[in-house]
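Below: the structure, in structure tokens.
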Amino acid sequence: MTTTFLHGVEVLQIDTGARPIQTVRSSVIGLIGTAPDADPVKFPLNTPILIASRSDWAGIGSTGTLGTALDLIYDQAGAVVILVRVEEGVSEAETIANVIGGTDEFGNYLGVQCFLAAENIAGFAPRILIAPGYTHQRSSNGILSIPLTEQGDGYLTAPAVTISGGSGTGAIARAVLGTGGDAGKVVEIIIDNPGSGYITSPTVTIGAPPEGGTQAVAGTANRGAVRSRVVSELLGIANRLRAVIIVDGPNTTDSAAIQLNDDFGSDRVYVIDPWVLRNGDQTPASPCVAGLINKIDNERGFWWSPSNNEIAGIEGTARQIDFALGDYTSRANLLNEQKIATIIREGGFRLWGNRTLSIDPKYAFLSVRRTADMINESILRGHLWAVDRCITATYLEEVSESVREYLRSLKARGAILGGDVWVDPELNTPTSISSGNVVFDFEFTPPYPAERVTFRSHLVNTYVIDLFAGVNSR
């Protein structure tokens, strides 16, 4: 209380108490693709554009991938879309390179990197990422590994690794120095980007050590089919944005689709195969799935699975998918078993599949991954007010009650089964507090989709006696 003299009446505002937490928008779709005929003023290249209604994408043109994708998204329901248009290259490889993007000489984002700037420019961060037409390719003749024939010695820092020739492009590798007895030696070459198109083995050169050392020598690079470069790039972005990626399968065979299960092990990757038919043409299904997730989020909540919901705006699937309830051997069940979602025809064309490509069973279901993301992000954003305040007993209780009330509201809505928050004294030591660090633990249990429903059938003769229940006896 101030000691300043006052003869009169004053009002002091007490700024304490728990704050409400608002759930972040869960279903903003990040869409990237091409539209060569688009209005360049309305749809500039490599710029996040907010699309909130069909009228917003008038002028996108009829060529490229964006127009069809937007139409399929809006066939499901109204949506908020962050659109990024990239230049169509003279080849598919060049277009994919434009989709992957990077930064220009001024530090501006290009390609999928534009999603990172979407909230700053367009006001929303995308949570569902799609690149229809550019996620199904497995690059041929990429660099899988580079062996060492000579480790060299005398290196003070990791030398540069140069890959040239072989008719390919894009491969990036780096050297790793050893420790202990291997100090100063190159012990491994790590592939950061496998590149593609290496018809013959490229020349791999390891930089020389300082004078007096021995230069390391690389062996012949091992080549082979590598996973999608676009999906690989989107993974890092999805982790930063707490988003999921809807990946289109190869649209060829079941075995080719199942290969994606080995290409990625992330709980942020959800694969759909095959493609769909629209106006008689085969087109990637990812816009349909993204639009359907948006619809389910708005109608039921982000904690609901999009599986077993009808897809609008399509005439069929690019290849036949047989399905029957209870049939272990159906193609739909085979794909689902290998974590590949598909589309069945059962009371309309329905999305069928709950699972991401996660190797962690805790996040096997797409709805569980998204529920955790929405809760974590909402609590994070809901506590800007708590930064830089004095750490007192009242402060700890205010923050805890904010989170506790939010979890209670989620439980009441059916978004979680329950949750709690607490302050652990072992983590909040005097040293930690005096350094300005405070830790709150919270927990919650999401609802899980009823993926397998079992009815146990029992044939008995117990009820034969009921035949005589209404018969008069003598």
Side-chain angles (χ1 to χ4, degrees), residues 1-28 115-127 236-244 267-268 297 301-303 360 362-363 367-447:
M1 182 68 68
T2 180
T3 58
T4 304
F5 175 81
L6 171 67
H7 181 182
V9 179
E10 67 178 342
V11 175
L12 298 177
Q13 180 172 314
I14 308 302
D15 192 18
T16 60
R19 268 71 167 177
I21 298 174
Q22 181 177 356
T23 300
V24 297
R25 185 178 284 268
S26 62
S27 55
V28 178
F115 290 139
L116 296 173
E119 186 167 18
N120 178 266
I121 295 174
F124 294 96
R127 308 294 178 187
I237 295 170
N239 286 326
R240 290 182 62 180
L241 295 178
R242 290 191 174 93
V244 295
D267 55 8
R268 299 193 178 280
D297 279 11
F302 58 79
W303 54 93
D360 183 354
K362 191 173 184 179
Y363 293 99
S367 58
V368 170
R369 172 68 275 170
R370 297 188 68 238
T371 297
D373 283 342
M374 293 307 103
I375 294 174
N376 293 342
E377 183 74 6
S378 299
I379 290 176
L380 178 73
R381 289 175 177 250
H383 284 89
L384 177 62
W385 67 270
V387 177
D388 296 333
R389 296 222 169 191
C390 293
I391 303 173
T392 63
T394 301
Y395 171 87
L396 297 178
E397 181 56 34
E398 287 174 351
V399 174
S400 297
E401 186 54 31
S402 294
V403 176
R404 192 173 293 114
E405 180 57 34
Y406 179 58
L407 295 174
R408 282 196 292 259
S409 70
L410 290 176
K411 181 180 179 180
R413 295 166 61 193
I416 61 174
L417 304 182
D420 199 7
V421 60
W422 65 96
V423 180
D424 189 340
E426 293 187 4
L427 296 177
N428 292 279
T429 63
T431 300
S432 175
I433 296 294
S434 62
S435 298
N437 300 320
V438 60
V439 178
F440 297 87
D441 286 283
F442 69 94
E443 63 184 10
F444 58 90
T445 301

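All residue numbers refer to positions in the sequence shown, counting from 1.
Remark: E398 does not engage R404 in a salt bridge, criterion side-chain N to carboxylate O under 4.0 Å. Look at R268 and D373 and you find a salt bridge, because one of the NZ, NE, NH1 or NH2 atoms lies within 4.0 Å of a carboxylate O, short of that distance.
Residues R127 and E377 meet the side-chain proximity criterion, which asks for heavy atoms closer than 4.5 Å. Using a 4.5 Å heavy-atom threshold, the side chains of Y406 and I379 count as touching. Under the 4.5 Å side-chain criterion, counting only non-hydrogen atoms from C-beta, V423 is not in contact with D441. Inter-residue side-chain proximity for F444 and N376 is flagged as met; some heavy-atom pair is nearer than 4.5 Å. Side-chain contact check for D267 versus D360: every heavy-atom pair is 4.5 Å or farther apart. Counting heavy atoms from C-beta outward, W385 and S402 have side chains that approach closer than 4.5 Å. At a threshold of 4.5 Å between non-hydrogen side-chain atoms, the residues R370 and D297 count as touching.
Contact record, L241 with F115: CD1-O, 3.9 Å, taken as the closest heavy-atom pair. Residue G414 comes nearest to P447 through the heavy atom pair O-CG, 3.8 Å, listed as atom of the first residue, atom of the second, then distance.
A cation-pi arrangement is present between R369 and Y363, with the terminal nitrogen or guanidinium carbon under 6.0 Å from the aromatic centre and inside a 45° cone about the axis.
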